[in-house]
Amino acid sequence: QVQVVESGGGLVQAGGSLRLSCAVSGRTFSSSTMAWFRQHPGKGRDFVAAISWSGANTDYADSVKGRFTISRDNAKNTMYLQMNSLKPEDTAVYYCAARLRSALTTREQDYVNWGQGTQVTVSS
């Protein structure tokens, strides 16, 4: 059974940085496309970034391009989201998601395994 656990959220001032981590149990991590989504209060989950199994391909939401960087370490079964130049509108619960397929996708319904989320709060 695959388990997904996010960490690294917290409170930061606008303009600051945070790095989120996503640890995945099981032998399928290195074969999985991984992604980050976020959920603002009272709204659905939005795509943030995705990374292919090898790390060679990535995709980002327009709202975070140039500020966020997704990466992964298959030897550690861990994915990361480096968030720089944070804005108050980045405040949300951030979720890590996995799918055992090679194609990158931004669609929430394509991801099978989800973590519980980690809160990121950016103060103005």
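Quick note: residue numbers are just sequence positions, from 1.
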Do you know which of W36, F37, F68, Y95 makes ring pair (Phe, Tyr, Trp, His ring centres under 6.0 Å) with F47? F37
Look at the side-chain heavy atoms of Ile, Leu, Val, Met, Phe, Trp and Tyr, link any pair under 4.5 Å apart, and say whether Y80 and V48 land in one connected group. no
Salt bridge (charged side-chain N to carboxylate O under 4.0 Å, His left out), that's the test. Do K87 and D90 meet it? Break it down for me. CA-CA 5 Å; K87 304 175 181 179; D90 294 318; over 6 Å; no
My understanding is that a hydrophobic cluster links ILVMFWY residues whose side chain heavy atoms are under 4.5 Å apart, including indirect links. Using that, what else belongs to the cluster containing V112? none
Geometric cation-pi criterion R67 and Y60, 6.0 Å radius, 45° cone: no
Rounding to 0.5 Å, atoms CD (E108) and OG1 (T106) come to a distance of 11.0 Å
Do L81 and V120 share a hydrophobic cluster, counting only Ile, Leu, Val, Met, Phe, Trp and Tyr and linking them when any side-chain heavy atoms are less than 4.5 Å apart? yes
Starting at CH2 of W114, measure out to CD of E6 and round the result to the nearest 0.5 Å. 9.5 Å
Any side-chain heavy-atom pair from V64 and R38 closer than 4.5 angstrom? yes
Single-linkage hydrophobic cluster, 4.5 Å side-chain cutoff, V2 and I51 together: yes
Residue pairs fulfilling disulfide bond (SG atoms under 2.5 Å apart) with at least one residue in residues 15-72, sequence neighbours excluded: C22-C96
Hydrophobic clustering (ILVMFWY, side-chain heavy atoms < 4.5 Å, transitive) - are L20 and L86 grouped together? yes
Could you give the distance from OH (Y111) to OG1 (T33), rounded to the nearest 0.5 Å? 6.0 Å
Is there a side-chain contact between Q119 and T91 (heavy atoms, below 4.5 Å)? yes
With rounding to the nearest 0.5 angstrom, report the CG to NZ distance, D59 to K65. 6.5 Å
S17 and V12, any side-chain heavy atoms less than 4.5 Å apart: no
Residues S7, T118; criterion side chain to side chain contact (heavy atoms under 4.5 Å, CB included); working and verdict: CA-CA 6 Å; S7 62; T118 185; 5.8 Å; no
Where do N74 and R72 land on the side chain to side chain contact (heavy atoms under 4.5 Å, CB included) test, with the steps shown first? CA-CA 6 Å; N74 286 348; R72 66 190 295 162; 2.8 Å; yes
OG1 of T69 to CZ of R19: how many Å apart, nearest 0.5 Å? 11.5 Å
Less than 4.5 Å apart, any side-chain heavy atom of D46 and any of H40? yes
Determine whether S32 and W53 make a side-chain contact, defined as any pair of heavy atoms from C-beta on separated by less than 4.5 Å. no
Gap between atom CG of L18 and atom CG of N84 - 0.5 Å precision: 9.5 Å
Listing request: all disulfide bond (SG atoms under 2.5 Å apart) pairs with a residue in residues 29-86, at least two apart in sequence or in separate chains. none
